[in-house]
Amino acid sequence: MKITKNMVAAVSYELEVEGNIADKSQPGAPLEYIQGFGMLLPKFEEYLEGKEPGDEVKFTLSAGEGYGEYDPSYKIDIPKTAFSVGGEIREDLLVVGNIIPMLNSQGQVVQGTVAEVGENSVAMDFNHPMAGKTLNFSVKVESVRAATEKELTEGLHGEFLPKEGGCHCNGGCKDGNCGGDCGCDGEGEGHHCHGEGEGHHCHGEGEGHCHGEGKGGCCCS
């Protein structure tokens with residue numbers, strides 16, 4: 001079988017960035033995705049279109065074909081008080097390089113990287129970690145099969161199903177304030193409150209804070 005639209009492809013890969021291995025699949029655990037569903041970078045899927053099990057391909061994606069150019073405006077100073085729980089600042093989270101999920105002005109979860117920690121504020125970088133980078137991929141196709149109807153509807157791991165729980169900010173951000181409470185509706189999938197377990201964390205409950213507006217505006221309770 002060849003990789004075409006609606007086919008499930010399993011691929012092993014290695015990603016080299018600036019001379020270093022930035023990411024790779026683990027032995028015996030290839031990356032699976034449905035071709036044509038936009039689950040991976042469009043150019044990545046384009047290079048694999050028509051390939052068969054056993055095929056190996058190497059290709060390079062420019063920043064524009066990957067995660068976009070680095071945008072300095074996505075680096076935002078946020079008051080340290082925004083990272084408070086029970087009146088105490090979560091200093092353990094404020095470590096340079098740590099990734100903290102936050103909410104933008106549309107109520108969407110965005111990943112922010114701690115870039116700098118000052119006395120009263122934290123510089124959060126909302127660019128993708130690979131923004132501005134040239135991506136060099138080495139990929140081997142391990143298997144190809146047709147997706148089931150359930151997979152086409154729900155995703156390989158239920159990722160197309162509506163999510164319950166997790167972080168929220170009712171009403172989003174407007175005029176420097178959150179239009180509702182920011183917090184957690186239970187644990188949800190991939191989201192945990194107050195450092196429970198692995199994965200994402202919500203910071204406190206109740207009233208939230210808003211930092212900026214538009215694409216950079218983020219709420220963190």
Side-chain angles (χ1 to χ4, degrees), residues 33-34 37-42 66-95 97-117 120-131 153-221:
Y33 74 99
I34 303 176
F37 270 53
M39 300 172 70
L40 302 180
L41 294 170
Y67 294 99
E69 300 294 342
Y70 185 87
D71 187 344
S73 70
Y74 276 60
K75 187 176 179 181
I76 303 169
D77 287 327
I78 297 176
K80 266 191 175 182
T81 54
F83 302 90
S84 297
V85 175
E88 294 187 11
I89 296 174
R90 289 289 303 273
E91 297 284 357
D92 59 313
L93 292 175
L94 305 182
V95 178
N98 195 24
I99 297 176
I100 302 176
M102 303 182 78
L103 295 167
N104 65 14
S105 55
Q106 285 75 48
Q108 300 167 325
V109 176
V110 292
Q111 305 294 331
T113 303
V114 178
E116 300 172 32
V117 180
N120 299 308
S121 65
V122 180
M124 294 294 294
D125 192 342
F126 293 98
N127 284 281
H128 189 281
M130 291 296 168
T153 302
E154 300 181 3
L156 288 175
H157 308 288
E159 59 268 26
F160 301 155
L161 293 173
K163 299 295 187 298
E164 295 182 0
C167 303
H168 72 284
C169 184
N170 298 326
C173 300
K174 183 178 181 182
D175 299 327
N177 296 290
C178 282
D181 291 339
C182 289
C184 300
D185 296 328
E187 295 186 357
E189 180 175 339
H191 299 277
H192 304 273
C193 297
H194 318 309
E196 297 176 6
E198 296 295 326
H200 302 163
H201 304 274
C202 303
H203 314 299
E205 298 179 358
E207 293 302 320
H209 305 273
C210 189
H211 317 292
E213 298 181 18
K215 64 185 178 183
C218 297
C219 292
C220 181
S221 55

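- Using a 4.5 Å heavy-atom cutoff, the side chains of F83 and L93 are not in contact.
- No more than 12 heavy atoms of other residues, nucleotides or ligands lie within 6.0 Å of CD in E88, so this atom counts as exposed by the packing criterion.
- Between the CD1 atom of I76 and the CE atom of M102 there is a distance of 9.0 Å, given to the nearest 0.5 Å.
- Here the closest non-hydrogen pair linking D125 and A115 is CB-CB, 4.3 Å.
- Between K80 and V117, the shortest heavy-atom distance links the atoms CE-CG1, 3.7 Å.
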| Test log, rule side chain to side chain contact (heavy atoms under 4.5 Å, CB included), inputs L103 and V109 | CA-CA 5 Å; L103 295 167; V109 176; 3.7 Å; yes
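- Nearest heavy-atom pair across I34 and L156 is CG1-CG, 3.9 Å.
- For the pair E91 and V95, the tightest heavy-atom approach, listed with the atom from each and the gap, is O-CG2, 4.4 Å.
- Summarising the geometry, atom CD belonging to E159 is positioned 14.0 Å from atom OH belonging to Y33; distances are rounded to the nearest 0.5 Å.
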| said: Show, in sequence, the C-alpha distance, side-chain angles and deciding distance for M124 and V114, and conclude whether the side chain to side chain contact (heavy atoms under 4.5 Å, CB included) test is met. | reply: CA-CA 5 Å; M124 294 294 294; V114 178; 3.8 Å; yes
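- The nearest pair of heavy atoms linking F160 to G155 is CD1-N, 3.2 Å.
- Listed here is the closest heavy atom pair of G66 and L41: O-CD2, 3.4 Å.
- Between the CG atom of N120 and the CG atom of D77 there is a distance of 11.0 Å, given to the nearest 0.5 Å.
- Distance OH/Y70 to CG/N127: 5.0 Å, rounded to 0.5 Å.
- From Q111, atom CD reaches atom CZ of F126 across 9.5 Å, with rounding to the nearest 0.5 Å.
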